[in-house]
Amino acid sequence: MLKKNIYDIYRAHQNQLLDGFPEHVKQLKKTAFDAFQKNGFPHNRLEKWRHTDLSKVLDHDFECYFEPEKKHIDIEKIFQCELPEMDTYTVIQYNGWFLSRYSDLSKLDNGVIIGSLNQAFKDYPDIVQAHFGKYTDINSSAMQALNTAFAQDGIFIYVPDNVVVEKPIQIINILDAPHNAFVQPRNLFVVGDNSALTLVHCDHSLEHKLSLINSLSEIYIGENSFVDHYKMQNKDADSTLLTTINAHVEAASTIAANALILNGGIIRNNINVKLNGPQAKADLKGLYLVDKHQHVDNQIFIHHAVPQCLSNQLYKGIIDDQAGAVFNGRILVDKDAQQTNAFQTNKNILLTDEANAYSQPQLEIYADDVKCSHGSTVGQLDPDAMFYLRSRGICEHSARMLLMYAFASEVVQTIAIDALKERLDNMVTKRLKGELSICDQCMLHCSEKAPDFLRMDIKPLV
Amino acid sequence: MLTIKNLEVSIDDKVILKKFNLEVKPGEVHAIMGPNGSGKSTLANVIAGREGYEVLQGDISYKGKSILEDTPEERAREGIFLGFQYPVEIPGVSITNFLKTAVNEVRKHKGLEPMPAAEFLTLLKEKKKIVEMHATLASRSVNQGFSGGEKKKNEIFQMAVLQPELAILDETDSGLDIDALRIVANGINSLKNKDNATVVITHYQRLLDYIVPDFVHVLFDGRIVKTGGKELALELEEKGYDWIKEEVEM
């Protein structure tokens, strides 16, 4: 079982894990494993993990991928076309490794670098070493420590000063493993001053085995810049997806992170944002639609370290059957962070008696000139609204559909890219109707040749 | 069209309507008046099929058939419309989308194809005029952030689009200023014809200056204690409800 084997796995592959990295990174990775080893995998007795149980997953054996796949992978064959109405750069991560189609690391005309993090350590050591591991606290999170210890590759994106990357960069995470797979991608996104970047991140499985993904993305945003991050999670029930985004935001810059969670086994998304310069802004939104035994957990931490920053959190979910949802939103306002505005909303609709939601706001405010608000609700569909709709001739099923769609659309309607908004809106509608297949995954249109298991039966969310 | 016989209704074990009788024929306008707590809204809700009301005795029949077993949507599709005293705000559902769904579900029930989009938009445009509704209002979420007057106009707008045969208007005049009252009343009047019927439930007489009823019923303590013509409403306005109370108690 992974819970016990992880130490042996690490020792057996320690050389590979450290190979090729600069000395101080090697040191960081070793320290990270020590930090992990202190307490091991997280368990329910920890306050932060009280409502999300990994123990069953960790009882299984998993295989890790310590080197990139050598055989030729014809990715164009797997993905026949991309989102037709949306022009994107596509980068592919294959079992955690950057999959090179042309070269491991490309530098575009405008100075933007996209490619393998592993390669970037060699080609751009100055940029990478200035940021790698700098926004991650290995002592606060076992999973982040483990990711750091095992980090070998992932996506590296560098946007220099004064560059607006017009096309969104779409990161497709493919898991293609004949056995249970444990992968830990590590991404680094560095955006300079006066620049903008849009990232669309999605996960895709090609083999129907147990999977455990523990990904970590560090994002550095210089001054007066904008990063728009979209995450789509539409996985099978045998997937456990643990993701972390650690964002460091300098003055007058914005991070916007949107998560759309439509299916999965266990999904836990951590977003940690440090607002480090005046007028920095974090705009975080999430929508989760879960049923059966699915479990989704959003852990948000916003650190207002300086004055005059703004943070907004809007997380909404519809929970059916025996599914569960956890929301933990922590806002920390430092003593000097005056004129902080921090807002948080979490709303849950439970469709059955067995569905459950835990919502926990945590405000720690040490400044005195602060506007903060938080609101969380857990409830059912409004019976008055149901009667109102039905009294106009709309059947119960359609009335529920209308209300759920309306509830969900508050999150979707704020998406800035029209093509993406339309696409996601469509996915949410299909999901609510129970017509969404795993093949509707993000921007991929692979459905013509989709293996049968991807056509799994997802029942309506009503 | 609507026959209510010997109806007894309770909510949370409290009996609200007792031995209630009413007969409404096509082309008629009935006004039901009564003091607070007399059972006016209960009557409206129980006809429309709201949950939580228990019918202990009696029957409601519509077009010759009992509707007590029917769901609210079944009643609506058969032509019953309830104008709400407190229209519900539904964030995220636009009036247009809401009405399109309603119109097409009613059409489906009648074995008709969904209404073509162009035809539907023309219908909306035409009906908006009836209640002098602002052109952009229909793209907004149902009742969200509407003023009291806009909410009530929106009720009559929906009625105009759905063209019910029996409209039960629950305190449609409450919360309206004099201009809105005139617009709403004109709307109701213009929808009137010989085949449909209207039941106006109200506390005050002033709506009846605009909508002239064929019958005025006084509801008191869960039953109709007096029925008359439109002059009864004026008498109530003049003397108040105490006069009825005294008469009933005697």
Side-chain angles (χ1 to χ4, degrees), chain A residues 260 285-289 314-318 345-349 375 377 379-415 421-422 424-433 460-462, chain B residues 44-53 70-110 140-144 151 154-155 157-159 161-164 166-168 170:
Chain A
L260 183 64
K285 298 198 182 76
L287 174 66
Y288 39 96
L289 308 173
L314 174 66
Y315 282 78
K316 298 181 89 171
I318 302 176
T345 305
N346 174 230
K347 291 183 181 170
N348 298 281
I349 290 181
T377 58
Q380 283 83 39
L381 290 173
D382 177 7
D384 289 337
M386 281 296 291
F387 175 63
Y388 192 74
L389 295 170
R390 294 176 71 190
S391 78
R392 299 300 183 246
I394 298 171
C395 73
E396 192 175 357
H397 177 80
S398 301
R400 288 170 79 99
M401 225 31 116
L402 268 175
L403 291 182
M404 288 195 294
Y405 174 75
F407 177 83
S409 69
E410 190 188 353
V411 175
V412 179
Q413 290 309 319
T414 58
I415 291 170
K421 174 159 69 184
E422 217 169 282
L424 294 187
D425 190 57
N426 185 22
M427 282 173 77
V428 168
T429 309
K430 278 171 107 177
R431 175 70 180 94
L432 291 172
K433 286 184 183 162
L461 243 169
V462 280
Chain B
N45 283 325
V46 82
I47 295 172
R50 190 177 202 131
E51 281 173 22
Y53 294 87
D70 294 350
T71 61
E73 57 268 32
E74 284 166 341
R75 300 179 200 208
R77 290 167 191 175
E78 286 296 324
I80 296 177
F81 178 88
L82 172 63
F84 281 61
Q85 181 179 4
Y86 303 110
V88 184
E89 296 195 9
I90 310 180
V93 179
S94 74
I95 294 181
T96 308
N97 190 15
F98 160 53
L99 279 176
K100 193 166 72 189
T101 310
V103 165
N104 286 333
E105 292 220 2
V106 173
R107 285 174 70 94
K108 193 172 152 196
H109 172 72
K110 291 178 178 160
R140 282 170 55 185
S141 290
V142 177
N143 295 322
Q144 196 184 20
K151 282 184 182 170
N154 187 23
E155 293 294 291
F157 172 59
Q158 291 171 40
M159 177 177 155
V161 172
L162 295 169
Q163 299 172 18
L166 174 67
I168 316 284
D170 187 8

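A quick note: this is a predicted structure, and the numbers were derived from the prediction, not measured.
Among all heavy-atom pairs drawn from B:Val93 and A:Leu402, the shortest one is CG2-O, 3.7 Å. Residues B:Gly92 and A:Ala406 share a closest heavy-atom pair of C-CB, 3.6 Å.
Most heavy-atom pairs under 4.5 Å with chain A, from the set B:Thr101, B:Val106, B:Val103, B:Leu162: that is B:Thr101. Contacts with chain A were tallied for B:His109, B:Met159, B:Glu155, B:Glu78; B:Glu155 has the most, counting heavy-atom pairs under 4.5 Å.
Summarising the local packing, NZ of B:Lys151 is surrounded by more than 12 heavy atoms from other residues, nucleotides or ligands at distances under 6.0 Å. For B:Tyr86, the OH atom sits in a loose shell: 12 or fewer heavy atoms of surrounding residues, nucleotides or ligands are nearer than 6.0 Å. Few gaps surround CD on A:Gln413; more than 12 heavy atoms of other groups in view lie less than 6.0 Å from it. Other residues, nucleotides and ligands place no more than 12 heavy atoms under 6.0 Å from the NZ atom of B:Lys100.
When heavy atoms are compared at a cutoff of 4.5 Å, B:Asn104 does not approach chain A at all. Only the side chain of B:Val142 comes within contact range of chain A, judged by heavy atoms closer than 4.5 Å. With a 4.5 Å cut-off on non-hydrogen atoms, B:Leu82 touches chain A through its backbone and its side chain both. Contact of B:Arg75 with chain A is not made at all, since no heavy-atom distance falls under 4.5 Å. Proximity to chain A (any heavy atom under 4.5 Å) is shown, for B:Pro164, by neither the backbone nor the side chain.
Scanning residues 386-396 of chain A against chain B with a 4.5 Å non-hydrogen threshold yields A:Phe387, A:Tyr388, A:Leu389, A:Arg390, A:Ser391, A:Arg392, A:Gly393, A:Ile394, A:Cys395, A:Glu396, sorted by number.
Considering only heavy atoms from C-beta on, A:Ser398 comes within 4.5 Å of B:Glu105 through its side chain. When side chains are defined from C-beta on, B:Glu89 does not count as touching A:Asp384, because their heavy atoms never get closer than 4.5 Å.
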